[in-house]
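Below is one structure, written out as structure tokens, with a few remarks after it.
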Amino acid sequence: MAAALRPVVQGALGRNVSLAPDQVNEASSSAISRLQSHLSGANLLLVACVAIVVWLVFVPVAALIYNAFTEDTGFGPGALSFENFIEAYSGWHIARLLRNSLIFAGASAVLTLLIGAAVAWVVERTDAPGASVFHTLALLSFAVPGLLMAMAWIFVLSPNIGWGNALLASLLGTKEAPASIYSMPGMAWALSSHYFPVAYLTLGPALRALDVRMEEAGLMLGASYARVLGKVTLPLLRPAILSALLLLFVMGMASYEVPRLIGRPARIDVLTTEIQGAIIATPPAFGVASALSLALLSICILAVYCYRRGTADVDSFATITGKGYRPARMKLGRWRWPVALAIGVMFALALGLPVLTLIWQSFFRNLAQPFASSAADATLDNYRFILSYPIFLAAVKTSVLLAAMAATAVSALTFAMAWLAQRGLPRYGFMLDALAFAPIAIPGVIVGAGILTAYLMLPILPIYNTIWILLVAYVTLYLPYGMRFASSGIAQIHRELEEMAAASGAGLVQTFRRILLPLMAPVLLAGWIYVFVLAVRELGASIFLVGPGTHVLGTITLTMWEEGGSYGAVAALGVIQIIPLVLIVAALRLFESRIQRQSGW
């Protein structure tokens, strides 16, 4: 192996390291000393990474805890007190908040999982046509911000202005709206139609790796398909299913866009909207908001704990061994096209319908039913208005700049942490992984509220009302996603490349720059693009941290919607946001295809 890797390392370092036999011992001693210096550098890198991540993750949480247990004087925290908890939890409304939050998160998680699992099963386990198209559509749905999806479903299913309701009422011959988005089922559907690709991307790899011979053995023993599904397939998929449910439940608890746009008009308040309402109250109730945030944080941490307990014996779920493992696809026969058509209809309803509604509405100032005659002619006035809107241009510049900086910072930090966890100091790997993944259990509204209160109390860091406070929030939120990409990339690189580089006289920085970085470039770039897209569409934390001079796309879209301006202008603003994000995600798909071809999948 070492002989095979030597030309690769020589080419990367640009030097010839051919050694005479009598130089081997000397070279080995030199390599050992260099590896020891690598470890010294790794220790310094470890301290730096841990310090940065601890600051990013625990400072906002500590600020929330401190504010929750101190008196809210209006000029900052005062004496220790439990008044915030009494005010937050003593009324009957807290039971309603908790009930609404749990029902909304639970219902949306289950519905999202069912939709995503259906797509994953068709794409990964069957020979139904269109698998590549469905996979691409699932990725492209990430390009549509959740705020815009909520707006689009209001255009479709609002009992007052929804064209879909009007069409259904005319077909059924009724005067009342047959459906209403302003309900708990409507909220769950609006969120599930946006988040089901998350379930698909979580369950897809597990279904792809599941050895079907275990299912075939059950069928040969006389078990029915339903019994095999319940006794063999689902138990083996339990880690993936629980992981998806956990992630979707936490995302539902942390969701802000759907509760703000759909829940509030329906008087279905949840914890996220209540926290934001406490902070924007007059005067701001930071202590009450912090007390409510701790309840939301506790629920999310409990969900993570339940997942860890449910998948503690991870080895019992392994189905891939070295004994001739070969994944196979289920032959659907005459059901191939009906199954593919059903998944296509689902994508058309969940993704195509809201996007088409936004595009159509963007050409009309007032509400217009797609593909129906309208009193007004289609026009580009909405696009001209948005493109000449000064705040919009400033928000585009700020959002793109922030997203690029956040993606770069996350990629660099997680690259170093992933190397430390797997190579430099593997005995600290669990600690680094836990630190990096901790923000997955911290909703965006808590990150925003915590950072707001923390940096208001830290005058030595005057970043409030600047883009830097938003950057801190974005890097904190997206550390887990960057770590996922970086860890998978490091795992694919054999450690002998680094050992040969050390034997060739390369230092730690040179090994990173000439060996690891070029090899990991496709994976890091894919992670960079993913974080960039997430940061451009972020709203939950931004709503707390934007100031008069720091507009971002999500906040100005929400402002335009709630100020009751032209529906067409808001739709045009959404379309302008979606188009570049679709192109970026399409580029991510190209990189993914390239990596899959190189790995032989």
Side-chain angles (χ1 to χ4, degrees), residues 43-70 76-77 80 84-85 246 250 253-254 271-272 275 279 286-287 289-305 307-308 406 409-410 412-418 420-421 425 428-464 466 468-484 486-487 531 535 538 540-542 544-545:
N43 282 318
L44 293 176
L45 191 61
L46 173 68
V47 172
C49 288
V50 169
I52 293 172
V53 177
V54 166
W55 179 269
L56 290 174
V57 176
F58 290 107
V59 164
V61 175
L64 285 177
I65 295 174
Y66 180 69
N67 271 275
F69 287 96
T70 55
L80 292 177
N84 296 318
F85 288 91
L246 159 75
V250 171
M253 291 296 298
L271 285 169
T272 52
I275 292 168
I279 288 182
F286 290 111
S290 299
L292 291 170
S293 297
L294 293 182
L296 182 57
L297 179 61
S298 299
I299 293 172
C300 294
I301 292 176
L302 180 61
V304 174
Y305 172 77
Y307 163 72
R308 301 290 258 176
V410 167
L413 184 58
T414 54
F415 177 33
M417 293 181 67
L420 283 169
L425 297 165
Y428 299 110
F430 173 80
M431 179 186 68
L432 289 171
D433 282 336
L435 282 174
F437 281 100
I440 203 72
I442 307 176
V445 291
I446 292 183
V447 172
I451 288 176
L452 173 65
T453 56
Y455 288 94
L456 283 175
M457 294 188 298
L458 293 173
I460 58 173
L461 293 174
I463 63 174
Y464 176 68
T466 68
W468 304 112
I469 196 170
L470 287 164
L471 178 62
V472 170
Y474 290 3
V475 173
T476 303
L477 284 170
Y478 302 127
L479 271 177
Y481 306 100
M483 194 68 176
R484 177 187 176 188
S487 296
V531 173
E538 206 286 323
S542 303
F544 294 93
L545 303 174

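None of the values given here were measured: they were computed from a predicted structure.
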Q: Taking atom types as modelled, find out whether Tyr474 and Ser542 have a side-chain donor-acceptor pair closer than 3.5 angstrom.
A: yes
Q: Applying side chain to side chain contact (heavy atoms under 4.5 Å, CB included), run through Val472 and Tyr455 and close with a yes or a no.
A: CA-CA 11 Å; Val472 170; Tyr455 288 94; 3.9 Å; yes
Q. Where does the angle between the aromatic ring planes of Phe85 and Phe69 fall among parallel (under 30°), tilted (30 to 60°) and perpendicular (over 60°)?
A. tilted
Nearest 0.5 Å please: distance from the [atom1] atom of [X] over to the [atom2] atom of [Y].
X	Y	atom1	atom2	result
Leu545	Leu471	CG	CG	11.5 Å
Ile451	Thr476	CD1	OG1	4.5 Å
Thr453	Leu64	OG1	CG	5.0 Å
Ile469	Ile463	CD1	CD1	5.0 Å
Leu297	Leu292	CG	CG	12.5 Å
Ser290	Ile279	OG	CD1	7.0 Å

Search all heavy atoms of [X] against all heavy atoms of [Y] and return the closest pair with its distance.
X	Y	answer
Ala541	Ala473	CB-CB, 4.3 Å
Val410	Tyr478	CG1-O, 3.5 Å
Pro439	Leu477	CB-O, 4.4 Å
Thr272	Met253	CG2-O, 3.2 Å
Ala449	Ser293	CB-OG, 4.5 Å
Leu294	Ala68	CD1-CB, 3.7 Å

Q: List the steps, then state whether side chain to side chain contact (heavy atoms under 4.5 Å, CB included) holds for Leu452 with Phe286.
A: CA-CA 9 Å; Leu452 173 65; Phe286 290 111; 3.7 Å; yes
